[in-house]
Enquirer: 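Below: one structure in C-alpha cells.
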Number of protein chains: 2
Amino acid sequence: MTNKYVSLLRQYGFKVTHARVKVLERLEHATKPMTAQELHEELADAKMDLATVYRSLNKFADAGLIARVQLGDEFMRFEFAKHSHHHHIVCNSCGKVSEIELCNLDALSQDIAQKTGFRNITHHVVFSGDCQDCANKS
Amino acid sequence: MTNKYVSLLRQYGFKVTHARVKVLERLEHATKPMTAQELHEELADAKMDLATVYRSLNKFADAGLIARVQLGDEFMRFEFAKHSHHHHIVCNSCGKVSEIELCNLDALSQDIAQKTGFRNITHHVVFSGDCQDCANKS
DNA sequence: GTTTGTGCAAACTGTTTGCAACTTC
DNA sequence: GAAGTTGCAAACAGTTTGCACAAAC
C-alpha cells in the first residue's frame with residue numbers, strides 16, 4: 001500500500017491503517033464537508049466501526065490534515081484541508097453545500113481589532129439561501 | 001404581575017407563567033447569548049425544570065422573540081431579539097463574548113448570489129481571537 | 001515485542017418527549 | 001372547565017471512552 005494517502009499519513013507521523021487511508025481518500029474526493037456518520041455509511045464496505053471513524057477524524061483535525069466545519073446544524077463536519085481560505089453556502093431547502101472562494105472580511109477584522117482590542121482575529125462564516133434548483137421548483 | 005415581560009408574552013400570544021417571565025427577564029439583561037443550562041443555574045431560585053427552560057427558549061425563538069446563536073461550541077445559545085444586525089466575537093482563552101455591530105457582508109452576498117445562483121442569502125459569522133485582558137496576561 | 005489502532009459495548013452530554021398534575025385564562 | 005404548561009423520568013442523538021484483542025512498525 002504505497003499511495004498518496006499512505007505518504008500523507010507517514011508525513012504526519014500517523015500509523016498507516018486501512019481505516020485511515022479509506023477515510024482520507026473519501027474525504028479528499030468529497031464535494032462537501034462530511035459528517036462522521038456519512039463517512040461511516042459510505043465506507044460500509046470497509047466495515048470499520050463508527051468509533052474508529054470519529055477517532056481518525058479527530059486525530060486528523062487536531063493535526064491539521066483535515067478541517068472541522070460547522071454548518072449550523074447539530075453535526076460536526078470535516079473536509080480535506082485545502083489551505084485556501086473559503087466558506088460555504090448551504091441551501092435552506094435541499095441542504096446542498098457549495099464552496100465560496102470570495103471573502104472580504106480581513107479589513108473588517110482589522111476594524112474590529114481596533115475597536116475591541118481583540119488580537120489574532122479569525123472568523124467562521126456560513127451563508128445560507130435558496131439554491132437555484134430549489135428556487136425554480138417553487 | 002403586569003410588567004414589560006408580561007406584556008411582551010401577551011403580545012406574542014403566549015400564556016404568562018412565572019417561568020417564562022423569569023427566562024425573558026434574565027435574557028434581556030444578559031450581556032452575552034446564554035445557554036439553557038446557564039439560564040437554569042442562574043434562575044435556580046425560581047426552581048424551574050431544565051426542560052421548562054428548553055421549552056420556553058424554543059417557543060420564544062420560533063416566534064422570533066429571542067434569537068438562536070451558535071458560537072462554535074456544542075451549545076445552542078439564545079439572546080433577546082435585538083432586531084439590529086450584529087455578530088459576536090469570542091475570546092479563545094477566556095470565552096468572553098462581545099458584540100460586533102460592524103458588518104460588510106451585504107455586497108459580498110450579492111456577489112455570491114450572482115456567482116452561485118443562490119437567492120435570499122443570509123449569513124452567520126462568529127469571530128474569535130485573543131481579548132485584550134488575555135493577551136496582556138501572556 | 002512494543003506501541004498504537006480497532007471493535008464492541010457502555011457511558012456521557014445536550015436536548016427532546018410522554019404523561020399526569022397543575023396553572024392560566 | 002378547556003387549553004396550555006410544568007416537573008419528572010425516560011428517551012434520544014451525536015460523540016467519546018474503557019478494555020481486550022489485533023495490527024503496524
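Every chain is numbered from 1, with letters handed out A, B, ... down the list of sequences. Just so it is clear, the structure is predicted and the values come from calculations on it, not from any experiment.
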Enquirer: For B:Asp73 and D:dT15, what is the distance between atoms CG and P respectively, to the nearest whole Å?
Expert: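 It works out to 14 Å between those atoms.
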Enquirer: By a strict heavy-atom criterion of less than 4.0 Å, which residues belonging to residues 32-50 of chain A are in contact with DNA chain C?
Expert: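 A:Lys47, A:Met48, A:Asp49, in order of number.
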Enquirer: Quick one, A:Val53 with A:Leu43, criterion side-chain contact (heavy atoms from CB on, under 4.5 Å). Give me CA distance, side-chain angles, the key distance, then yes/no.
Expert: CA-CA 10 Å; A:Val53 176; A:Leu43 299 177; 5.7 Å; no
Enquirer: Crowded around B:Glu101 CD? As in, over 12 foreign heavy atoms under 6.0 Å?
Expert: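 Correct, the count exceeds 12.
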Enquirer: Can you list, by residue number, the residues of residues 54-69 of chain A that have a non-hydrogen atom closer than 4.0 angstrom to DNA chain D?
Expert: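 Heavy-atom contacts with DNA chain D come from A:Tyr54, A:Arg55, A:Asn58.
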Enquirer: Has A:Thr17 got a side-chain N or O lying under 4.0 Å from the OP1 or OP2 atom of C:dT4?
Expert: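 No, A:Thr17 has no side-chain N/O under 4.0 Å of OP1/OP2 on C:dT4.
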Enquirer: Without decimals, in angstroms, what is the distance between B:Phe75 CZ and C:dT15 P?
Expert: 7 Å
Enquirer: So, for A:His87 and B:His124, is the gap between ring centers shorter than 6.0 Å?
Expert: no
Enquirer: Measure CZ/A:Arg20 against P/D:dA24 and give the value in whole Å, please.
Expert: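 To the nearest whole Å, that distance equals 11 Å.
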Enquirer: What pairs with A:Arg77 under salt bridge (charged side-chain N to carboxylate O under 4.0 Å, His left out), at least two apart in sequence or on another chain?
Expert: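 For A:Arg77, the residues satisfying salt bridge (charged side-chain N to carboxylate O under 4.0 Å, His left out) (neighbours in sequence not counted) are A:Asp73.
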Enquirer: Using atom CG of B:Leu9 as one end and atom P of D:dT6 as the other, report the distance to the nearest whole Å.
Expert: 10 Å
Enquirer: Please list, chain by chain and in numerical order, all residues satisfying side-chain hydrogen bond (donor to acceptor under 3.5 Å, both in side chains) with A:Glu42, sequence neighbours excluded.
Expert: A:Arg26
Enquirer: Indicate, with yes or no, if the rings of B:His88 and B:His86 have centres closer together than 6.0 Å.
Expert: yes
Enquirer: Which other residues belong to the hydrophobic cluster containing A:Ile89, where Ile, Leu, Val, Met, Phe, Trp and Tyr are joined when side-chain heavy atoms lie under 4.5 Å apart, directly or via other members?
Expert: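 Its cluster mates, by chain and number, are A:Ile100, A:Leu102, A:Leu105, A:Leu108, A:Ile112, A:Phe118, A:Ile121, A:Val125, A:Phe127, B:Ile89, B:Ile100, B:Leu102, B:Leu105, B:Leu108, B:Ile112, B:Phe118, B:Ile121, B:Val125, B:Phe127.
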Enquirer: To the side chain of A:Lys15, which of D:dT5, D:dG14, C:dT3 is closest?
Expert: C:dT3
Enquirer: Identify which nucleotide among D:dA24, C:dG7, D:dT6 has an atom closest to any side-chain atom of A:Thr52, counting heavy atoms from C-beta outward.
Expert: C:dG7
Enquirer: Is B:Val126 isolated, or which residues cluster with it under the ILVMFWY side-chain rule of less than 4.5 Å, directly or via members?
Expert: B:Val69, B:Leu71, B:Val90, B:Val97
Enquirer: When you compare the side chains of A:Ser128 and B:Thr122, does any donor N or O come within less than 3.5 Å of an acceptor on the partner?
Expert: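 Yes, B:Thr122 and A:Ser128 have a side-chain donor paired with an acceptor closer than 3.5 Å.
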Enquirer: Regarding B:Phe14, tell me which of base, sugar-phosphate or nothing describes its non-hydrogen contacts under 4.0 Å with the strands shown.
Expert: nothing
